[in-house]
Amino acid sequence: MGLLSIIRKIKRKEKEMRILMVGLDNSGKTTIVLKINGEDTSVISPTLGFNIKTIKYHKYSLNIWDVGGQKTIRSYWRNYFEQTDGLVWVVDSSDIRRLDDCRAELHNLLKEERLAGASLLVFANKQDIQGALKPAEIAKVLNLEVMNSSRHWKIVGCSAYTGEGLLEGFDWLVQDVASRIYVLD
Amino acid sequence: MEPEPDQPKVAAGGGHRKHLAMLERLSKRSSSSAGAPPSDSSDASPVEAFLSRFAGAKLAAESALSACRSDDATASLAAAAAAIDNIDRLIAEASHALPPYELRAALATAADLRAAHRVAASELRPKKSFSFRNKSRNLKNPPQDHVTASPPQQPPPEQPKPSLDAILPGFGFRGKNGATFVKDLRVSNDKDGDFTLADLVSCEVYLKGKCRALYIHKLRDCRVFVGAVLGSVLIEDVQGCIFVMAAHQIRIHEARVTDFYLRVRSRPIIEDCSGVRFAPYVLNYEGIEEDLKDSGLQEETGNWANVDDFKWLKAMQSPNWCLVPEEERLQTVNISEFHEQEDDS
Ligand SMILES: Nc1nc2c(ncn2[C@@H]2O[C@H](COP(=O)(O)OP(=O)(O)OP(=O)(O)O)[C@@H](O)[C@H]2O)c(=O)[nH]1
Ligand SMILES: [Mg+2]
């Protein structure tokens, strides 16, 4: 049946983790993935469909699924939920007008049973922009504390433009996932 | 580590056909799993039942739309909107049971009808002072906003409703009618900031210099000229406007009858748009070369013409956009002589 079953087979063989990146369009998902992989970020088109990257991160191999967030294709997000170990929700911290949308889409996603076991990293991206909301403010607007008892989560301010905060975020996510699925190391 | 050889590595910006094939394949997975709503006729398959109900609903929408040219256009518009809502509901109910192709085709039809409805609605609107293409014939019946499912068409220019936006205003121009704004981002300290234009009617905006992000929301009959944007421009809900801008990314949503003169590094995208046209960037002012260069926008990539329509994922040209014919294009617009004033309103 293709892709997913192939991935499932390779998985666990060599400390793989499956990371799903979602968030509204324009939040910076693709820029974050390219930046963390040391690639050129100067020409990025809005994602029509998705990109997959396999990145070696410490002793783990991350399968990162970067899925387009334009309204028309959000309904496809659910096709990527299966087997997700870590969820990254990216927020454009300077797009204050759409934070309501952002909160609604996030909470919709978190209802999804297939994602119930996934750790959640929220990136408050574009912190390099003057006037961007701080991570604590984003956490409040997105009402993140409702998950305190139900899920491992963390919010980290970052800039895909400068690279600041990206490693801090991924370090936490990878550690948190590893402590759940590779307990015996 | 090397990428896994048997995984698709899809480069950003290319291979759309492949993306689509993949989407289709993946969406097949979910279509098998779901609980389909029971169909109302027991001998037809759910798909056939859907297709016949869909055809009926489509016919209803189309005939209401064609009636919009008659006397009681407002009522016909309302009927068309209701018929299209009904189509959306049918699709939503059947979406789990439908094979991907039928689903996409149905969604594309709904989007087309929606677009046709918007065009019909905009043809009914009263002419404004900055109307560039005088499509409006019927000025007698001002349209009523509540007939459509889309957001209200007439922005409240004096009193924008309190929102996060009003509580936390960043830099920008908001809520004005008939004003001219000039802003030089080079003299103020805002070059690392974002900028917002929202709820403007019949305004002219001249933005010199650079910013990191530009957000544009709810503009009617405006002309907007922008220097260099280091990141993206996000445009939502505009009508009857002209935009001249340079940016790394340009994302356009819900634009109707609007011209875009662009320089852009990646492919501009549109979603839920109709009647939008594209042409190359034509802005000039003293120092613009430097602003463009600093922002990595000195090079004409030709991408202004490579528009992706998220509502038209087919090989054929989208009906929602086209190029501005050369003889109609704006000449270079030089705004060197425009300077910031205290208050323009
Ligand atoms: N200033 C600034 N701009 C950023 C940052 N991250 C991304 N951008 C810009 O934001 C725009 C959108 O970035 P993308 O990476 O394409 O966003 P995306 O989330 O992948 O969008 P979709 O593919 O449509 O879902 C681009 O123009 C980026 O240059 C950041 O940290 N700071
Ligand atoms: Mg992307």
Side-chain angles (χ1 to χ4, degrees), chain A residues 1-4 6-7 10 14 16 25-26 28 30-31 33-34 39 41-57 60-63 66 68 70-73 75-76 78-82 92 94-100 126 128-133 137 141 160-161, chain B residues 1-4 6-16 18-20 22-23 25-27 29-30 95 107 111 163-165 167-168 170-171 189-194 196 198 211-213 215 217 230-232 234 236 248-249 251 253 265-269 271-272 296 301 308 310-311 313:
Chain A
M1 214 184 44
L3 205 49
L4 288 175
I6 294 168
I7 283 168
I10 317 169
E14 42 175 32
E16 286 214 3
D25 51 299
N26 197 46
T30 305
T31 315
V33 175
L34 293 183
E39 292 177 58
T41 58
S42 67
V43 185
I44 295 175
S45 286
T47 306
L48 184 52
F50 61 92
N51 306 301
I52 306 173
K53 282 256 180 282
T54 302
I55 296 179
K56 184 88 179 140
Y57 197 86
Y60 300 102
S61 165
L62 308 186
N63 256 309
D66 159 29
Q70 290 285 142
K71 214 186 258 168
T72 313
I73 56 179
S75 57
Y76 290 105
R78 60 191 162 83
N79 294 326
Y80 309 91
F81 291 164
E82 214 72 51
D92 176 349
S94 66
D95 187 2
I96 293 162
R97 199 182 59 78
R98 294 204 304 170
L99 279 178
D100 283 340
K126 307 202 186 181
D128 61 288
I129 295 182
Q130 270 179 29
L133 291 193
E137 298 170 298
V141 179
Y161 185 65
Chain B
M1 180 197 173
E2 297 305 307
E4 298 292 343
D6 44 2
Q7 281 172 41
K9 291 266 299 179
V10 188
H16 291 157
K18 260 195 254 162
H19 283 184
L20 290 177
M22 193 70 70
L23 278 178
R25 253 202 289 154
L26 285 166
S27 66
R29 290 169 31 77
S30 59
S95 62
L107 286 172
S163 63
L164 277 170
D165 214 26
I167 303 163
L168 299 157
F171 298 108
N189 226 354
D190 314 340
K191 64 178 187 312
D192 289 337
D194 56 326
T196 297
C211 62
R212 293 215 170 173
Y215 300 94
H217 180 233
L230 185 56
S232 61
L234 184 65
E236 251 179 31
H248 277 237
Q249 280 189 356
R251 299 164 173 263
H253 306 105
R265 286 198 64 121
S266 59
R267 302 168 67 93
I269 64 127
E271 187 176 64
D272 299 310
T301 59
D308 282 328
F310 272 63
K311 279 289 164 95
L313 303 175

Point to revise | Criterion side-chain contact (heavy atoms from CB on, under 4.5 Å) on B:Phe171 and A:Gln130, from CA distance to verdict | key: CA-CA 10 Å; B:Phe171 298 108; A:Gln130 270 179 29; 4.0 Å; yes

Point to revise | Which residues share a side chain to side chain donor-acceptor pair (under 3.5 Å) with A:Tyr161, sequence neighbours left out | key: none

Review point. Contact part of B:Phe310 toward chain A, heavy-atom cut-off under 4.5 Å: side chain, backbone, both or neither?
Key: both

Exercise for review: Answer yes or no: is there a side-chain heavy-atom contact under 4.5 Å between B:Glu271 and A:Lys71?
Suggested key: yes

Study note, to complete from the structure: Closest non-hydrogen atoms of A:Ile129 and B:Gly193, given as atom of the first, atom of the second and distance, are CG2-C, 3.8 Å

Exercise for review: Flag the one option from B:Leu230, B:Asp272, B:Thr301 with the top tally of heavy-atom pairs under 4.5 Å to chain A.
Suggested key: B:Leu230

Review point. Distance from B:His217 atom NE2 to A:Arg97 atom CZ, nearest 0.5 Å?
Key: 3.5 Å

Check your understanding: Does any heavy atom of chain B fall under 4.5 Å from the side chain of A:Asp66, the backbone, both, or neither of them?
Key -> neither

Point to revise | Distance (rounded to the nearest 0.5 Å) between A:Ile96 CD1 and B:Asp194 CG | key: 7.0 Å

Exercise for review: List in chain and number order the residues that pass salt bridge (charged side-chain N to carboxylate O under 4.0 Å, His left out) with A:Arg98, two or more places apart in sequence or in another chain; answer none if no residue qualifies.
Suggested key: A:Asp25, A:Asp95, B:Glu236

Point to revise | Choice from B:Gln249, B:His248, B:Arg251 maximising heavy atom contacts with chain A below 4.5 Å | key: B:Arg251

Check your understanding: Just by modelled atom types, is the A:Ile44 backbone N or O under 3.5 Å from a matching donor or acceptor in the B:Ser266 side chain?
Key -> yes

Review point. Is it the backbone or the side chain of A:Lys126 that comes under 4.5 Å from a heavy atom of chain B, or both, or neither?
Key: side chain

